[in-house]
2 protein chains.
Amino acid sequence: MFLGTHIVGVDAKGRASVPAPFRAALRGEAGVVFVWPSWRGPYLEAGDRELLAQYQTLLAARGAFDDAREDFEYAIFADARALTLDDTGRVSLPEDLRAHAGLGAKAAFAGLTDRFEIWAPERLAARVAEARAKAADKRALLSRPRGPGEGP
Amino acid sequence: MFLGTHIVGVDAKGRASVPAPFRAALRGEAGVVFVWPSWRGPYLEAGDRELLAQYQTLLAARGAFDDAREDFEYAIFADARALTLDDTGRVSLPEDLRAHAGLGAKAAFAGLTDRFEIWAPERLAARVAEARAKAADKRALLSRPRGPGEGP
DNA sequence: CCGAGGAACATGGGATTATATGGGCATAAA
DNA sequence: TTTATGCCCATATAATCCCATGTTCCTCGG
(Lines give C-alpha, C1' and ligand atoms only; values in the text may rest on other atoms or scores of the structure.)
Protein backbone atom coordinates (compact mmCIF):
# COMPACT_ATOMS: atom_id res chain seq x y z
CA MET A 1 0.00 0.00 0.00
CA PHE A 2 1.41 3.38 -0.99
CA LEU A 3 1.24 5.81 1.94
CA GLY A 4 2.73 9.09 2.98
CA THR A 5 4.57 11.89 1.25
CA HIS A 6 8.27 11.64 0.52
CA ILE A 7 10.32 14.47 -0.90
CA VAL A 8 13.31 13.42 -2.93
CA GLY A 9 15.85 15.22 -5.07
CA VAL A 10 15.86 15.32 -8.84
CA ASP A 11 19.45 15.42 -10.05
CA ALA A 12 20.94 16.97 -13.16
CA LYS A 13 20.17 13.83 -15.13
CA GLY A 14 16.51 13.93 -14.20
CA ARG A 15 16.80 11.00 -11.82
CA ALA A 16 14.77 10.61 -8.65
CA SER A 17 14.82 7.92 -5.98
CA VAL A 18 11.52 6.13 -5.64
CA PRO A 19 11.03 6.09 -1.86
CA ALA A 20 11.91 2.72 -0.39
CA PRO A 21 8.46 2.09 1.13
CA PHE A 22 6.96 2.55 -2.33
CA ARG A 23 9.43 0.16 -3.88
CA ALA A 24 8.40 -2.40 -1.29
CA ALA A 25 4.75 -1.82 -2.16
CA LEU A 26 5.14 -2.54 -5.85
CA ARG A 27 3.16 -5.65 -6.62
CA GLY A 28 3.95 -8.01 -9.41
CA GLU A 29 7.25 -7.41 -11.11
CA ALA A 30 9.56 -5.34 -8.97
CA GLY A 31 11.75 -2.83 -10.73
CA VAL A 32 9.13 -1.23 -12.97
CA VAL A 33 6.72 1.63 -12.34
CA PHE A 34 4.18 3.05 -14.74
CA VAL A 35 3.90 6.82 -14.88
CA TRP A 36 1.67 9.14 -16.88
CA PRO A 37 0.75 12.83 -16.81
CA SER A 38 -2.52 13.46 -15.01
CA TRP A 39 -5.20 15.06 -17.16
CA ARG A 40 -6.65 16.71 -14.08
CA GLY A 41 -3.73 18.81 -13.03
CA PRO A 42 0.00 19.52 -13.14
CA TYR A 43 1.22 16.29 -11.61
CA LEU A 44 2.07 12.73 -12.55
CA GLU A 45 0.17 9.60 -11.65
CA ALA A 46 1.94 6.32 -11.10
CA GLY A 47 1.41 2.74 -10.07
CA ASP A 48 2.36 -0.82 -10.77
CA ARG A 49 1.28 -3.15 -13.52
CA GLU A 50 -1.65 -4.42 -11.47
CA LEU A 51 -3.12 -0.94 -11.23
CA LEU A 52 -3.09 -0.52 -15.00
CA ALA A 53 -4.65 -3.95 -15.35
CA GLN A 54 -7.46 -2.83 -13.06
CA TYR A 55 -8.07 0.28 -15.13
CA GLN A 56 -8.05 -1.81 -18.24
CA THR A 57 -10.67 -4.12 -16.76
CA LEU A 58 -12.87 -1.21 -15.75
CA LEU A 59 -12.69 0.25 -19.24
CA ALA A 60 -13.20 -3.05 -21.02
CA ALA A 61 -16.51 -3.34 -19.23
CA ARG A 62 -17.76 -0.36 -21.24
CA GLY A 63 -17.63 -2.21 -24.56
CA ALA A 64 -15.46 -1.98 -27.60
CA PHE A 65 -16.24 1.37 -29.20
CA ASP A 66 -17.59 3.36 -26.30
CA ASP A 67 -16.60 7.04 -26.54
CA ALA A 68 -15.83 7.45 -22.86
CA ARG A 69 -13.71 4.37 -22.94
CA GLU A 70 -11.62 5.66 -25.78
CA ASP A 71 -11.14 9.02 -24.11
CA PHE A 72 -9.83 7.37 -20.97
CA GLU A 73 -7.61 5.11 -22.98
CA TYR A 74 -5.95 8.05 -24.68
CA ALA A 75 -5.73 9.97 -21.43
CA ILE A 76 -4.09 7.18 -19.45
CA PHE A 77 -2.41 4.65 -21.64
CA ALA A 78 -1.28 6.71 -24.58
CA ASP A 79 1.03 8.86 -22.47
CA ALA A 80 2.10 6.27 -19.93
CA ARG A 81 5.70 5.13 -19.62
CA ALA A 82 7.12 2.05 -18.04
CA LEU A 83 10.10 3.30 -16.08
CA THR A 84 12.68 0.83 -14.86
CA LEU A 85 14.38 1.30 -11.52
CA ASP A 86 18.15 1.15 -11.40
CA ASP A 87 19.77 -0.96 -8.72
CA THR A 88 19.68 1.86 -6.19
CA GLY A 89 15.96 2.38 -6.71
CA ARG A 90 15.97 5.43 -8.98
CA VAL A 91 13.97 6.19 -12.10
CA SER A 92 14.88 8.81 -14.63
CA LEU A 93 11.88 10.99 -15.35
CA PRO A 94 11.65 12.01 -19.02
CA GLU A 95 11.77 15.71 -19.77
CA ASP A 96 8.14 15.99 -20.92
CA LEU A 97 6.83 14.40 -17.73
CA ARG A 98 8.95 16.71 -15.58
CA ALA A 99 7.61 19.65 -17.56
CA HIS A 100 4.00 18.60 -17.09
CA ALA A 101 4.42 18.50 -13.32
CA GLY A 102 6.67 21.56 -13.18
CA LEU A 103 9.36 19.64 -11.33
CA GLY A 104 12.54 21.42 -10.34
CA ALA A 105 15.22 20.11 -8.01
CA LYS A 106 12.73 18.41 -5.71
CA ALA A 107 9.81 16.05 -6.27
CA ALA A 108 7.15 14.96 -3.81
CA PHE A 109 5.92 11.37 -4.02
CA ALA A 110 2.48 11.10 -2.43
CA GLY A 111 1.07 7.66 -1.68
CA LEU A 112 -2.68 7.13 -2.20
CA THR A 113 -3.04 3.44 -1.29
CA ASP A 114 -3.32 1.80 -4.69
CA ARG A 115 -1.32 4.39 -6.62
CA PHE A 116 0.93 7.35 -6.04
CA GLU A 117 1.41 10.79 -7.51
CA ILE A 118 4.46 12.91 -8.24
CA TRP A 119 4.18 16.66 -7.59
CA ALA A 120 6.22 19.79 -7.30
CA PRO A 121 6.37 19.95 -3.49
CA GLU A 122 4.81 23.38 -3.06
CA ARG A 123 1.90 22.52 -5.34
CA LEU A 124 1.21 19.34 -3.44
CA ALA A 125 1.19 21.21 -0.14
CA ALA A 126 -1.47 23.54 -1.50
CA ARG A 127 -3.56 20.67 -2.82
CA VAL A 128 -3.43 18.81 0.48
CA ALA A 129 -4.40 21.92 2.41
CA GLU A 130 -7.41 22.32 0.14
CA ALA A 131 -8.33 18.66 0.53
CA ARG A 132 -8.22 18.91 4.31
CA ALA A 133 -10.53 21.90 4.31
CA LYS A 134 -13.01 20.12 2.07
CA ALA A 135 -12.76 16.90 4.02
CA ALA A 136 -13.79 18.73 7.17
CA ASP A 137 -17.09 19.60 5.46
CA LYS A 138 -17.71 16.16 4.04
CA ARG A 139 -16.61 14.04 6.93
CA ALA A 140 -20.00 12.35 7.14
CA LEU A 141 -19.04 10.35 4.07
CA LEU A 142 -16.58 8.41 6.15
CA SER A 143 -18.95 7.42 8.90
CA ARG A 144 -19.85 3.82 8.50
CA PRO A 145 -23.45 2.71 8.87
CA ARG A 146 -23.64 0.51 11.93
CA GLY A 147 -25.46 -2.75 12.31
CA PRO A 148 -27.20 -3.99 15.45
CA GLY A 149 -24.84 -5.12 18.15
CA GLU A 150 -22.08 -3.15 16.56
CA GLY A 151 -20.65 0.22 17.40
CA PRO A 152 -21.07 2.62 20.31
CA MET B 1 -10.53 -2.35 21.26
CA PHE B 2 -8.52 0.75 22.12
CA LEU B 3 -9.55 2.17 25.49
CA GLY B 4 -8.20 4.61 28.04
CA THR B 5 -5.50 7.25 28.05
CA HIS B 6 -1.82 6.42 28.49
CA ILE B 7 0.95 8.96 28.81
CA VAL B 8 4.35 7.84 27.58
CA GLY B 9 7.69 9.52 27.03
CA VAL B 10 9.10 10.66 23.71
CA ASP B 11 12.87 10.28 23.70
CA ALA B 12 15.53 12.25 21.88
CA LYS B 13 15.16 10.06 18.81
CA GLY B 14 11.42 10.68 18.63
CA ARG B 15 10.52 7.23 19.87
CA ALA B 16 7.47 6.45 21.97
CA SER B 17 6.23 3.19 23.46
CA VAL B 18 2.82 2.20 22.17
CA PRO B 19 0.95 1.29 25.37
CA ALA B 20 0.83 -2.47 25.83
CA PRO B 21 -3.00 -2.67 25.86
CA PHE B 22 -3.04 -0.95 22.48
CA ARG B 23 -0.47 -3.33 21.08
CA ALA B 24 -2.66 -6.20 22.14
CA ALA B 25 -5.63 -4.59 20.40
CA LEU B 26 -3.97 -4.34 17.00
CA ARG B 27 -5.86 -6.51 14.56
CA GLY B 28 -4.34 -8.07 11.49
CA GLU B 29 -0.58 -7.99 11.32
CA ALA B 30 0.92 -7.14 14.68
CA GLY B 31 3.89 -4.83 14.69
CA VAL B 32 2.54 -2.09 12.44
CA VAL B 33 0.44 0.96 13.26
CA PHE B 34 -0.80 3.56 10.81
CA VAL B 35 -0.62 7.18 11.89
CA TRP B 36 -1.63 10.42 10.19
CA PRO B 37 -2.12 14.06 11.18
CA SER B 38 -5.73 14.84 11.94
CA TRP B 39 -7.36 17.50 9.75
CA ARG B 40 -9.62 18.35 12.65
CA GLY B 41 -7.00 19.60 15.06
CA PRO B 42 -3.43 19.46 16.37
CA TYR B 43 -3.22 15.76 17.08
CA LEU B 44 -2.52 12.47 15.33
CA GLU B 45 -4.96 9.74 14.46
CA ALA B 46 -3.92 6.12 14.42
CA GLY B 47 -5.20 2.63 13.88
CA ASP B 48 -4.38 -0.75 12.45
CA ARG B 49 -4.42 -1.96 8.88
CA GLU B 50 -8.03 -3.06 9.14
CA LEU B 51 -9.14 0.47 9.95
CA LEU B 52 -7.38 1.84 6.89
CA ALA B 53 -8.78 -0.95 4.77
CA GLN B 54 -12.26 0.07 5.93
CA TYR B 55 -11.64 3.66 4.91
CA GLN B 56 -10.26 2.50 1.60
CA THR B 57 -13.31 0.35 0.94
CA LEU B 58 -15.69 3.18 1.79
CA LEU B 59 -13.86 5.53 -0.57
CA ALA B 60 -13.44 3.00 -3.36
CA ALA B 61 -17.21 2.59 -3.41
CA ARG B 62 -17.45 6.14 -4.75
CA GLY B 63 -15.75 5.23 -8.03
CA ALA B 64 -12.40 5.91 -9.53
CA PHE B 65 -12.28 9.67 -10.10
CA ASP B 66 -14.80 11.05 -7.64
CA ASP B 67 -13.88 14.48 -6.23
CA ALA B 68 -14.88 13.80 -2.64
CA ARG B 69 -12.98 10.58 -2.73
CA GLU B 70 -9.84 12.33 -3.82
CA ASP B 71 -10.11 14.94 -1.09
CA PHE B 72 -10.23 12.24 1.56
CA GLU B 73 -7.38 10.39 -0.04
CA TYR B 74 -5.17 13.44 0.11
CA ALA B 75 -6.34 14.29 3.62
CA ILE B 76 -5.73 10.85 5.06
CA PHE B 77 -3.46 8.69 2.97
CA ALA B 78 -1.05 11.24 1.59
CA ASP B 79 0.15 12.07 5.09
CA ALA B 80 -0.20 8.67 6.70
CA ARG B 81 2.75 6.53 7.74
CA ALA B 82 3.03 2.85 8.40
CA LEU B 83 5.13 2.75 11.55
CA THR B 84 6.73 -0.52 12.55
CA LEU B 85 7.08 -1.40 16.22
CA ASP B 86 10.51 -2.43 17.42
CA ASP B 87 10.81 -5.50 19.60
CA THR B 88 10.09 -3.51 22.75
CA GLY B 89 6.91 -2.04 21.28
CA ARG B 90 8.10 1.42 20.32
CA VAL B 91 7.48 3.44 17.18
CA SER B 92 9.55 6.39 16.08
CA LEU B 93 7.32 9.31 15.26
CA PRO B 94 8.61 11.33 12.31
CA GLU B 95 9.45 14.95 12.90
CA ASP B 96 6.56 16.37 10.85
CA LEU B 97 3.98 14.33 12.74
CA ARG B 98 5.41 15.41 16.08
CA ALA B 99 5.28 19.00 14.89
CA HIS B 100 1.63 18.73 13.85
CA ALA B 101 0.62 17.52 17.29
CA GLY B 102 3.02 19.81 19.13
CA LEU B 103 4.58 16.87 20.97
CA GLY B 104 7.38 17.51 23.41
CA ALA B 105 8.82 15.00 25.88
CA LYS B 106 5.46 13.39 26.58
CA ALA B 107 2.66 12.02 24.42
CA ALA B 108 -0.85 10.97 25.43
CA PHE B 109 -2.36 7.95 23.67
CA ALA B 110 -6.14 8.10 23.87
CA GLY B 111 -8.16 5.04 22.90
CA LEU B 112 -11.40 5.54 20.94
CA THR B 113 -12.55 1.95 20.35
CA ASP B 114 -11.61 1.33 16.70
CA ARG B 115 -8.77 3.84 16.59
CA PHE B 116 -6.69 5.97 18.90
CA GLU B 117 -5.29 9.46 18.97
CA ILE B 118 -1.94 10.89 19.99
CA TRP B 119 -1.96 14.29 21.72
CA ALA B 120 0.24 16.66 23.62
CA PRO B 121 -1.01 15.77 27.13
CA GLU B 122 -2.14 19.25 28.15
CA ARG B 123 -4.08 19.73 24.92
CA LEU B 124 -5.85 16.43 25.38
CA ALA B 125 -6.88 17.38 28.90
CA ALA B 126 -8.48 20.55 27.58
CA ARG B 127 -10.23 18.65 24.81
CA VAL B 128 -11.62 16.06 27.22
CA ALA B 129 -12.96 18.75 29.53
CA GLU B 130 -14.74 20.33 26.58
CA ALA B 131 -16.12 16.98 25.43
CA ARG B 132 -17.54 16.28 28.89
CA ALA B 133 -19.35 19.58 28.95
CA LYS B 134 -20.87 18.98 25.52
CA ALA B 135 -21.75 15.37 26.26
CA ALA B 136 -23.94 16.51 29.12
CA ASP B 137 -26.09 18.37 26.60
CA LYS B 138 -26.24 15.56 24.07
CA ARG B 139 -26.76 12.64 26.38
CA ALA B 140 -30.11 11.82 24.81
CA LEU B 141 -28.28 10.64 21.69
CA LEU B 142 -26.94 7.65 23.53
CA SER B 143 -30.27 6.46 24.87
CA ARG B 144 -31.13 4.05 22.07
CA PRO B 145 -28.93 2.06 19.69
CA ARG B 146 -29.59 2.73 16.03
CA GLY B 147 -29.99 0.19 13.27
CA PRO B 148 -29.01 0.53 9.60
CA GLY B 149 -31.01 3.08 7.61
CA GLU B 150 -31.92 4.82 10.80
CA GLY B 151 -30.22 7.68 12.51
CA PRO B 152 -29.88 11.43 12.66
C1' DC C 1 -1.56 -9.18 56.54
C1' DC C 2 2.91 -8.17 54.98
C1' DG C 3 7.10 -8.75 52.38
C1' DA C 4 9.93 -11.00 48.73
C1' DG C 5 10.30 -12.57 44.11
C1' DG C 6 9.19 -12.41 39.38
C1' DA C 7 7.23 -10.82 35.15
C1' DA C 8 5.79 -7.31 32.10
C1' DC C 9 6.59 -2.81 30.74
C1' DA C 10 8.72 1.66 29.61
C1' DT C 11 13.07 3.67 28.53
C1' DG C 12 18.21 4.74 27.42
C1' DG C 13 22.14 4.44 24.50
C1' DG C 14 25.32 2.34 21.13
C1' DA C 15 26.11 -0.33 16.89
C1' DT C 16 24.74 -1.74 12.40
C1' DT C 17 22.25 -1.34 8.26
C1' DA C 18 19.44 0.85 4.78
C1' DT C 19 18.72 4.63 1.97
C1' DA C 20 19.25 8.70 -0.78
C1' DT C 21 22.32 10.95 -3.64
C1' DG C 22 26.66 12.29 -6.25
C1' DG C 23 29.75 11.29 -9.84
C1' DG C 24 32.31 8.36 -13.49
C1' DC C 25 32.25 5.38 -17.41
C1' DA C 26 30.34 2.76 -21.21
C1' DT C 27 26.78 2.42 -24.67
C1' DA C 28 23.31 3.92 -27.84
C1' DA C 29 20.82 7.46 -30.38
C1' DA C 30 20.71 12.00 -32.97
C1' DT D 1 30.67 14.66 -32.29
C1' DT D 2 27.29 15.73 -29.25
C1' DT D 3 23.59 14.45 -26.41
C1' DA D 4 21.15 11.47 -23.89
C1' DT D 5 20.46 7.03 -21.39
C1' DG D 6 21.67 3.23 -18.66
C1' DC D 7 25.02 0.94 -15.41
C1' DC D 8 28.28 0.77 -11.63
C1' DC D 9 30.67 2.19 -7.48
C1' DA D 10 31.38 5.42 -3.45
C1' DT D 11 29.77 7.94 0.73
C1' DA D 12 27.21 10.69 4.37
C1' DT D 13 23.27 10.60 6.82
C1' DA D 14 19.27 8.85 8.83
C1' DA D 15 16.67 5.11 10.30
C1' DT D 16 16.52 0.56 12.48
C1' DC D 17 18.03 -3.13 15.28
C1' DC D 18 19.88 -4.87 19.52
C1' DC D 19 21.28 -5.20 24.27
C1' DA D 20 21.01 -3.30 28.91
C1' DT D 21 18.62 -1.10 32.94
C1' DG D 22 15.09 0.86 36.14
C1' DT D 23 10.32 0.65 37.65
C1' DT D 24 5.87 -0.80 38.58
C1' DC D 25 2.53 -4.16 39.29
C1' DC D 26 1.10 -8.71 40.39
C1' DT D 27 1.62 -13.06 42.73
C1' DC D 28 2.99 -16.25 45.90
C1' DG D 29 4.81 -17.60 50.30
C1' DG D 30 5.65 -16.60 54.99
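Just so we're on the same page: letters track the sequence lines, and every chain starts at 1. Only heavy atoms go into these numbers, but all of them, side chains included; no hydrogens, no water, no symmetry mates. Please read all numbers here as calculations on a predicted model, not as lab measurements.
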> Passes side-chain contact (heavy atoms from CB on, under 4.5 Å), T5(A) versus Y74(B)? Steps please.
Replying inline: CA-CA 10 Å; T5(A) 296; Y74(B) 285 118; over 6 Å; no
Using nucleotides 25-27 of chain D, report all nitrogen or oxygen pairs with the protein that are shorter than 3.5 Å.
none

> What is the distance, rounded to the nearest whole Å, between atom NE2 of H6(B) and atom P of dA8(C)?
Replying inline: 18 Å
Result block: side-chain N/O donor-acceptor pairs under 3.5 angstrom for residues 118-132 of chain B, not counting sequence neighbours:
from	atom 1	to	atom 2	distance (Å)
W119(B)	NE1	E117(B)	OE1	2.9
R123(B)	NH1	A101(B)	O	3.1
E130(B)	OE2	K134(B)	NZ	3.2

> Among dG12(C), dT21(C), dT19(C), which is the nearest nucleotide to the side chain of D11(B)?
Replying inline: dG12(C)
>> Run the ring-ring contact (aromatic ring centres under 6.0 Å, His included) test against F109(A) and tell me which residues pass, sequence neighbours left out.
In response: F116(A)
>> One thing to verify: whether R115(A) and E73(B) come together as a salt bridge, which I'm taking to mean a side-chain N less than 4.0 angstrom from a carboxylate O.
In response: yes
> Are E45(A) and R40(A) ion-paired here, with the side-chain N under 4.0 Å from a carboxylate O?
Replying inline: yes
>> Taking CG in D71(A) as the centre, count heavy atoms belonging to other residues, nucleotides or ligands within less than 6.0 Å. Is the count above 12?
In response: yes
Pairs under 3.5 angstrom only: tabulate donor-acceptor contacts from the side chains of residues 75-82 of chain A to other protein residues two or more places apart or in another chain.
from	atom 1	to	atom 2	distance (Å)
R81(A)	NH2	D96(A)	OD1	3.4
R81(A)	NH2	D96(A)	OD2	2.3

> Base, backbone or nothing for each nucleotide of nucleotides 1-7 of chain D, written B, S, -, heavy atoms under 4.0 angstrom, 5' to 3'?
Replying inline: -----BB
Could you give the side-chain donor-acceptor pairs of residues 14-22 of chain A under 3.5 Å, partners two or more places apart or in another chain?
from	atom 1	to	atom 2	distance (Å)
R15(A)	NE	D11(A)	OD2	2.7
R15(A)	NH2	D11(A)	OD2	2.9

>> Of the listed nucleotides (dA20(C), dC9(C), dT11(C)), which one gets closest to any side-chain atom of S17(B)?
In response: dT11(C)
